[in-house]
Amino acid sequence: MKKPDSLRAALTAAAPSLKNDPDKLLVFADEGSVIAVPGASLSFEYRYTLHAILLDFAGDADVIFAAIVEWVWMNQRELIANRDRHKDGITFDVDLLGNATCDLSIKLKLTERVIARRDDAGQLGAEAKPEPTPSEWEKTGLAG
């Protein structure tokens, strides 16, 4: 899975305090499943809820959510563009700790495609399939 590390990097870039104290950002893949179909292909899709928790966060939550929206637009576009998915594709909880800090819990419903196959020597290999680029998405007619 590539997206958890990618989101961690985006959040760390958006919140300088996380660069100085990376242990205040926890990232989990929850409620995961692997979706494969019968047939000759070994390829599959991960489906999971990415759960990011910012502990004792004292920054601007609007900046964090702007970074998330930007990341989602590039990495899981249908959470924004698809009316059925945007209702609950990005959710959050906030635990107010005092006047200046909070624990911010953010959940994203994500998928990742993996192309798996055996080579001519019988070795099993797998490659994460990148998400369509914005221009590829627009060509499908499904863009926002």
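Please read all numbers here as calculations on a predicted model, not as lab measurements.
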Point to revise | Test item: Asp103 side-chain N/O and Leu55 main-chain N/O as donor-acceptor pair under 3.5 Å | key: no
Practice item. Taking the side chain as every heavy atom from C-beta outward, state whether Val72 and Ile90 have any pair of such atoms under 4.5 Å apart. Key: yes
Point to revise | Non-hydrogen side-chain atoms of Val114 and Val34 separated by less than 4.5 Å | key: no
Point to revise | Residue from Val27, Thr91, Leu50, Leu54 passing side chain to side chain contact (heavy atoms under 4.5 Å, CB included) with Ile106 | key: Leu54
Check your understanding: What is the distance from atom CZ of Arg117 to atom CD1 of Ile115, rounded to the nearest 0.5 Å?
Key -> 6.5 Å
Point to revise | Non-hydrogen side-chain atoms of Pro4 and Tyr48 separated by less than 4.5 Å | key: yes
Point to revise | Ile68 and Leu11: CA distance, side-chain angles, deciding distance, side chain to side chain contact (heavy atoms under 4.5 Å, CB included) verdict | key: CA-CA 7 Å; Ile68 289 170; Leu11 292 174; 3.8 Å; yes
Check your understanding: Does CD in Glu45 sit with more than 12 non-hydrogen atoms of other residues, nucleotides or ligands closer than 6.0 Å?
Key -> yes
Point to revise | Same cluster (ILVMFWY, side-chain, under 4.5 Å), Leu79 and Val69 | key: yes
Review point. Any chain of hydrophobic side-chain contacts (each under 4.5 Å) joining Val94 to Leu25?
Key: yes
Check your understanding: Considering all heavy atoms of both residues, which atom of Leu7 and which atom of Trp71 are nearest to each other, and what is their separation?
Key -> N-NE1, 3.5 Å
Practice item. Measure from the side-chain N and O atoms of Glu112 to the backbone N and O of Lys2, and report whether any donor-acceptor pair falls under 3.5 Å. Key: yes
Review point. Would you call Phe28 and Ile53 a side-chain contact if the rule is heavy atoms closer than 4.5 Å?
Key: yes
Review point. Which distance, rounded to the nearest 0.5 Å, do you find between the CE of Met74 and the CD1 of Ile80?
Key: 11.0 Å
Practice item. Check for a donor-acceptor pair, side chain of Arg113 on one end and backbone N or O of Pro130 on the other, with a separation under 3.5 Å. Key: yes
Check your understanding: Just wondering, do Phe57 and Ile64 contact through their side chains at under 4.5 Å, heavy atoms?
Key -> yes
**Study point:** Atom pair CG/NZ of Leu108 and Lys3 - distance to nearest 0.5 Å
**Key:** 10.0 Å
Review point. Got a second to check how far Leu104's CG is from Lys24's NZ, nearest 0.5 Å?
Key: 13.5 Å
Point to revise | Check: Ser43 side chain, Ala116 main-chain N or O, donor-acceptor pair, under 3.5 Å | key: yes
Review point. Got Leu42 and Leu124 here, is their nearest side-chain heavy-atom distance under 4.5 Å?
Key: yes
Review point. Quick one: does Phe92's side chain get under 4.5 Å of Ser105's, heavy atoms only?
Key: no
Practice item. Could you tell me whether the side chain of Thr12 and the main chain of Arg8 form a donor-acceptor pair under 3.5 Å? Key: yes
**Study point:** Minimum heavy-atom distance Ala29-Met1, with the two atoms named
**Key:** CB-CE, 4.1 Å
Review point. Is any side-chain heavy atom of Gln76 closer than 4.5 Å to a side-chain heavy atom of Thr111?
Key: yes
